[in-house]
Amino acid sequence: MGSPMAQNLIKAGCDVTVWNRTKSKCDPLLSLGAKYKASPEEVASSCDITFAMLADPESAVDVACGKHGAANGLSPEKGYVDISTVDGPTSKSISRHIKATGALFLEAPVSGSKKPAEDGQLIFLTAGDSPLYEKAAPFLDIMGKSRFYLGEVGNGAAMKLVVNMIMGSMMASFSEGLLLSEKVGLDPSVLVEVISQGAISAPMFSMKGPSMVQALYPTAFPLKHQQKDLRLALGLAESVSQPTPIAAAANEQYKVAKSHGLGDKDFSAVMEAVRTKM
Ligand SMILES: NC(=O)C1=CN([C@@H]2O[C@H](COP(=O)(O)OP(=O)(O)OC[C@H]3O[C@@H](n4cnc5c(N)ncnc54)[C@H](OP(=O)(O)O)[C@@H]3O)[C@@H](O)[C@H]2O)C=CC1
Ligand SMILES: O=CC(=O)O
């Protein structure tokens, strides 16, 4: 996700400096004109605004607050925008760390996958320092099609987790439907077509259905991240005693799929966990 987002900034003429743990993944960005720095700390000290896009809470904390993390390079007037999908407590902890340097913090997880990232069509769910929201807005508008400002840090994370909880449950349910249709002698491709014309039509079903029918799961949103989001969403629900039995059942299916080596496949590969008692 970070790579196509950075590409869009470069193509729009922004002065972009990049870092990634695996440096070779920066090469396409460097050939487009990005500069490279050897650590998040160096990126933050050389840029007005640093955007972070990390896998999970652990890596988001490490890159922001760890040794040679971005916080070490921040100072007043600078801003740190964390786009990673994490839970509210993690985001608040990163925020405290960043703001102790005098810099501003914005959480800004995105809804939208690899293709929307490539097309500059992401939906930003932001919360935190409003002056940084205003300052970052022109860049968010290059990478995305819309942006929501949701107030206090934690609200962007919560919105993202609720959206992805629904998405993960929908995908598990869709998988069950495809497999059931096949078992009762229907053509699952026709099911995809029927769904696309009715009230439960969703771009996700139309986009992923045709390849799922062929048991193909080319990665756009890695299954391991969908399971992480369900786990974090269940934690959010637990924190307010909200029952979420459907999401909990879906989470079990993603856990099974992950434990069978499907974590790096697209999250639609949850269908393999539904197909068999793996
Ligand atoms: N893919 C999607 O469709 C969407 C993803 N998201 C969210 O965006 C985030 C990124 O997703 P995506 O790009 O798909 O994930 P990837 O797994 O493709 O990339 C994860 C990134 O995090 C880095 N990383 C992982 N662990 C560490 C660590 N310990 N220290 C430093 N860097 C680390 C990776 O570095 P390296 O290259 O070295 O492995 C890589 O740059 C996730 O939070 C995900 O939930 C949100 C919306 C859509
Ligand atoms: O987080 C994943 C997405 O597609 O949005």
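All ligand and atom numbering here is 1-based and tracks the order in the structure.
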Trainee: Yes or no: does Gly112 have any heavy atom under 4.0 Å from an atom of ligand 1?
Mentor: yes
Trainee: Below 4.0 angstrom from a heavy atom of Lys25, which ligand 1 atoms are there? Numbered from 1 as shown, please.
Mentor: 36 (P), 37 (O), 39 (O)
Trainee: Is there a polar contact, in the sense of an N or O pair closer than 3.5 Å, between Lys160 and ligand 1?
Mentor: no
Trainee: Give a yes or no answer on whether the side chain of Ser95 reaches the backbone of Ser91 with a donor-acceptor pair at less than 3.5 Å.
Mentor: no
Trainee: Is a side-chain N or O of Ser45 found less than 3.5 angstrom from the main chain of Gly73, in a donor-acceptor match?
Mentor: no
Trainee: Between Val110 and Met53, is any pair of side-chain heavy atoms under 4.5 Å apart?
Mentor: yes
Trainee: Heavy atoms only: which of Pro116, Gly263, Ala55 lies closest to atom 20 (C) of ligand 1?
Mentor: Ala55
Trainee: Output yes when the distance from some N or O of ligand 1 to some N or O of Asp56 is under 3.5 Å, and no in every other case.
Mentor: no
Trainee: Taking N or O atoms only and a 3.5 Å limit, does Trp19 qualify as a polar contact for ligand 1?
Mentor: no
Trainee: Just need the protein heavy atom nearest to atom 15 (O) of ligand 1, so name the residue and atom and give the distance.
Mentor: His225 NE2, 3.0 Å
Trainee: Any atoms of ligand 1 less than 4.0 Å from a non-hydrogen atom of Pro222? List them with their elements.
Mentor: 1 (N), 14 (O)
Trainee: How far apart are the C-alpha atoms of Gln227 and Lys258, what are their side-chain angles, what is the distance that settles it, and do they pass the side-chain hydrogen bond (donor to acceptor under 3.5 Å, both in side chains) test?
Mentor: CA-CA 8 Å; Gln227 196 275 317; Lys258 205 171 80 166; 2.9 Å; yes
Trainee: Show your working on salt bridge (charged side-chain N to carboxylate O under 4.0 Å, His left out) between Lys224 and Asp56 and close with a plain yes or no.
Mentor: CA-CA 10 Å; Lys224 64 186 175 193; Asp56 51 24; over 6 Å; no
Trainee: Among all protein non-hydrogen atoms, which one is nearest to atom 3 (O) of ligand 1, and what is the separation to 0.1 Å?
Mentor: Ser113 OG, 2.6 Å
Trainee: Tell me the protein heavy atom at minimum distance from atom 40 (C) of ligand 1, and give that distance in Å.
Mentor: Asn20 OD1, 3.9 Å
Trainee: Is the shortest side-chain heavy-atom distance between Ile49 and Val81 below 4.5 Å?
Mentor: yes
Trainee: Out of curiosity, is Glu58 lining ligand 1, as in a heavy atom under 4.0 Å away?
Mentor: no
Trainee: Using a 6.0 Å cut-off, check whether atom CG of Leu179 has over 12 heavy atoms from anything other than its own residue.
Mentor: yes
Trainee: Under 6.0 Å from the ring centre and within 45 degrees of the ring axis: does the NZ or CZ of Lys114 meet both conditions for the six-membered ring of Phe221?
Mentor: no
Trainee: Please check if any side-chain donor atom of Asp87 sits under 3.5 Å from a side-chain acceptor atom of Thr90, or the reverse.
Mentor: yes
Trainee: Give the atom numbers and elements of ligand 1 that come within less than 4.0 Å of a heavy atom of Lys228.
Mentor: 42 (C), 43 (O), 44 (C), 45 (O)
Trainee: Identify the protein heavy atom lying closest to atom 36 (P) of ligand 1, giving its residue, its atom name and the separation to 0.1 Å.
Mentor: Thr22 OG1, 3.4 Å
Trainee: Using a 4.0 Å cut-off to any heavy atom of Met53, which atoms of ligand 1 qualify?
Mentor: 8 (O), 9 (C)
Trainee: Pick one of side chain, backbone, both or neither for how Ala220 approaches ligand 1, counting any non-hydrogen atom pair under 4.0 Å.
Mentor: backbone
Trainee: What distance do Gln226 atom CD and Met167 atom CE have between them, rounded to the nearest 0.5 Å?
Mentor: 4.5 Å
Trainee: Taking heavy atoms and a distance under 4.0 Å, where does Val63 meet ligand 1: side chain, backbone, both or neither?
Mentor: side chain
Trainee: Test side-chain hydrogen bond (donor to acceptor under 3.5 Å, both in side chains) on Arg147 and Tyr133 and set out the steps.
Mentor: CA-CA 10 Å; Arg147 48 186 158 86; Tyr133 174 67; 3.1 Å; yes
Trainee: Find out if a path of hydrophobic residues (ILVMFWY) with successive side-chain heavy-atom gaps under 4.5 Å connects Leu232 to Val153.
Mentor: no
Trainee: Which part of Met1 is near ligand 1, with near meaning a heavy atom under 4.0 Å away: side chain, backbone, both or neither?
Mentor: both
Trainee: Any N or O of Leu54 that comes nearer than 3.5 Å to an N or O of ligand 1?
Mentor: yes
Trainee: Return a table of N or O atom pairs, ligand 2 on one side and protein on the other, at distances under 3.5 Å, rounded to 0.1 Å.
Mentor:
residue  : atom  : partner : partner atom : Å
ligand 2 : 1 (O) : Lys160  : NZ           : 2.7
ligand 2 : 1 (O) : Asn164  : ND2          : 2.8
ligand 2 : 5 (O) : Gly112  : N            : 2.8
ligand 2 : 5 (O) : Lys160  : NZ           : 3.0

Trainee: Is the closest protein non-hydrogen atom to atom 18 (O) of ligand 1 under 4.0 Å?
Mentor: no
Trainee: What distance separates Met1 CE from Leu54 CG, expressed to the nearest 0.5 Å?
Mentor: 13.0 Å
Trainee: Between Arg21, Lys114, Met5, Lys224, which one has a non-hydrogen atom sitting closest to atom 39 (O) of ligand 1?
Mentor: Arg21
Trainee: Is the closest side-chain donor-acceptor distance between Lys255 and Asn251 under 3.5 Å?
Mentor: no
Trainee: Within the structure, does Val110 bring an N/O atom to less than 3.5 angstrom of an N/O atom in ligand 1?
Mentor: no
Trainee: With the side chain counted from C-beta on, respond yes when Met170 and Met204 share a heavy-atom pair under 4.5 Å apart, and no when they do not.
Mentor: yes
Trainee: Please report whether ligand 1 has a polar contact with Asp62, defined as an N or O pair separated by less than 3.5 Å (distance criterion only).
Mentor: no
Trainee: Is a donor from one side chain sitting under 3.5 angstrom from an acceptor on the other, for Thr22 and Asn20?
Mentor: no
Trainee: Taking CD in Glu58 as the centre, count heavy atoms belonging to other residues, nucleotides or ligands within less than 6.0 Å. Is the count above 12?
Mentor: yes
Trainee: For ligand 1, which is the ligand I care about here, please tell me if Thr85 has any N or O atom under 3.5 Å from one of the ligand's N or O atoms.
Mentor: yes
